There are 2 protein chains.
Amino acid sequence: MSEGVEWALHTCVNLAWVGRPVGSARLAAFYGLPPAYLNKRLQNLVRAGILTSVPGPKGGFALARDPASISLLDVVTAIEGPDPAFRCTGILGDSPWGDKTADHPSTCVIAAAMRRAELAWRRELAGQTIADVCATVERRAPGEPERTRRWFG
Amino acid sequence: MSEGVEWALHTCVNLAWVGRPVGSARLAAFYGLPPAYLNKRLQNLVRAGILTSVPGPKGGFALARDPASISLLDVVTAIEGPDPAFRCTGILGDSPWGDKTADHPSTCVIAAAMRRAELAWRRELAGQTIADVCATVERRAPGEPERTRRWFG
DNA sequence: GCCGCCGTACTCGGATAGCACTTGTCCGAGTTACTATGG
DNA sequence: CCATAGTAACTCGGACAAGTGCTATCCGAGTACGGCGGC
């Protein structure tokens, strides 16, 4: 899985705490990441409707909606793309008595099993939101949001 | 995910039906796959203890144990490796007040959420065996095992 | 003092190289089955 | 007819290139802020 997923998730949590637009350079400096590349990934989140981008001075990226309505799955799919990890190429159609025209991705038993597993993975990710992560961190380290907000200010 | 996973899974099902060693060239010809590359992947299954390799004429690959004891997860991890898809690089340690020495992969809330999702995925895959796939296919197409066995004979 | 204009500096956004990993290929070591030969 | 030694062919196994996608970088278009001049 792309490493940018980790960066995007942590950045979303930070943005949830700050609450106002922050430039990608400042966001990247927080973790010592390459600013331009983080910017490229945050653009993916903008296209997915997770973030809003504000140009000009005092601009930057901010959450587009409530952290409670942004699931981890939303962020992951925004970075990795909507395609599932396992893709059935329909090699059954190339077998001696295979039917090239059949819809193998839908009928293949193996593809179905892999799809079931991936669905469980997506369901688990969809059940956790950015707000949940924030709440868990705050319970463990109550001063974290204020400290982060101050650093970015 | 690597495309070889699909090839390995289908090949395991075929081997379960045939029941005796089959060369990688013959196995690859069944789906029109590159023989040498399929061989390379089947070697992964041998190292994982899923297949046994028999050299010389009349040799090839065969299942090392009962199909009911080979889960889809076994095959996937044999090809993809044991590392999880999401790897926590511990960027929290690079934050302004981060602790480089802390065990971030274990304590990070985001890493925990991703690990939970991946665990659900693995559990789903571990619950399905090659024998289950074979049984489902046979129920749907009763003549399939015999037809496959005959083609490889 | 207040309003409007301009320049500036900062932001995002997309187009452009470098690198790692998956994919694909090849040839050599080892082993087994077959064959020919001798008893 | 049977045992045996030799040969030959077929197998896996690991070492060697090419293509694709992720990683990283740069520069240009656009916009809001701050300063300046005029009213």
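Each chain gets a letter, A, B and so on, in the order the sequences are listed, and its residues count up from 1. Given the structure is predicted, the values throughout are model-derived calculations rather than measurements.
No close placement of the Phe30(B) and Trp17(B) rings is indicated, their centers lying 6.0 Å or farther apart.
Along DNA chain C, the nucleotide nearest Pro57(A) and the nucleotide nearest Val46(A) are compared for position; the residue whose nucleotide lies closer to the 5' end is Pro57(A). Residue-to-nucleotide proximity on DNA chain C shows that, of Gly56(B) and Glu80(B), the 5′-proximal contact is made by Glu80(B). Each of Pro55(A) and Gly4(A) lies near DNA chain D, and the nucleotide nearest Gly4(A) is the one positioned closer to the 5' end.
The side chain of Pro34(A) approaches dA24(D) more closely than any other nucleotide in the set dA24(D), dC12(C), dC26(D). Distances from the side chain of Lys58(A) to the nucleotides dC33(D), dC12(C), dC26(C) place dC33(D) closest.
The interatomic distance linking Asn39(B) (CG) with dG28(C) (C1') rounds to 14 Å, in whole Å. dT23(C) atom C1' lies 7 Å from atom CZ of Arg41(B), rounded to whole Å. The interatomic distance linking Leu42(B) (CG) with dC12(D) (P) rounds to 8 Å, in whole Å. Between the CG atom of Leu38(A) and the C1' atom of dC22(D) there is a distance of 15 Å, rounded to whole Å. Rounded to an integer number of Å, the gap from Ile79(B) CD1 to dG24(C) C1' is 15 Å. Here dC10(C) presents its P atom at 12 Å from CZ of Arg26(A), a figure rounded to the nearest Å. Atom NZ in Lys40(A) sits roughly 9 Å away from atom P in dA15(C) (whole-Å rounding). Nucleotide dC12(C) holds its C1' atom 17 Å from the OH atom of Tyr37(A), rounded to whole Å.
When only modelled atom types and interatomic distance are considered, Glu144(A) and Trp97(B) share a side-chain donor-acceptor pair under 3.5 Å. Judged by distance alone, the side chains of Arg140(B) and Thr107(A) never bring a donor and an acceptor atom under 3.5 Å apart.
Within the 4.0 Å cut-off from OP1 or OP2 of dG13(C), at least one side-chain nitrogen or oxygen of Ser53(A) is found. Residue Gln43(B) places at least one side-chain N or O under 4.0 Å from the OP1 or OP2 atom of dG14(D). The shortest distance between the side-chain N/O atoms of Arg47(B) and the OP1/OP2 oxygens of dG14(D) is below 4.0 Å. For the pair Ser2(A) and dT23(D), the criterion of a side-chain N or O lying under 4.0 Å from OP1 or OP2 is met.
The two residues Pro67(A) and Leu63(A) have their closest heavy-atom pair at CG-CD1, 3.8 Å.
The only option from Thr11(B), Val54(B), Leu15(B), Asn14(B) that meets the side chain to side chain contact (heavy atoms under 4.5 Å, CB included) definition with Val22(B) turns out to be Leu15(B).
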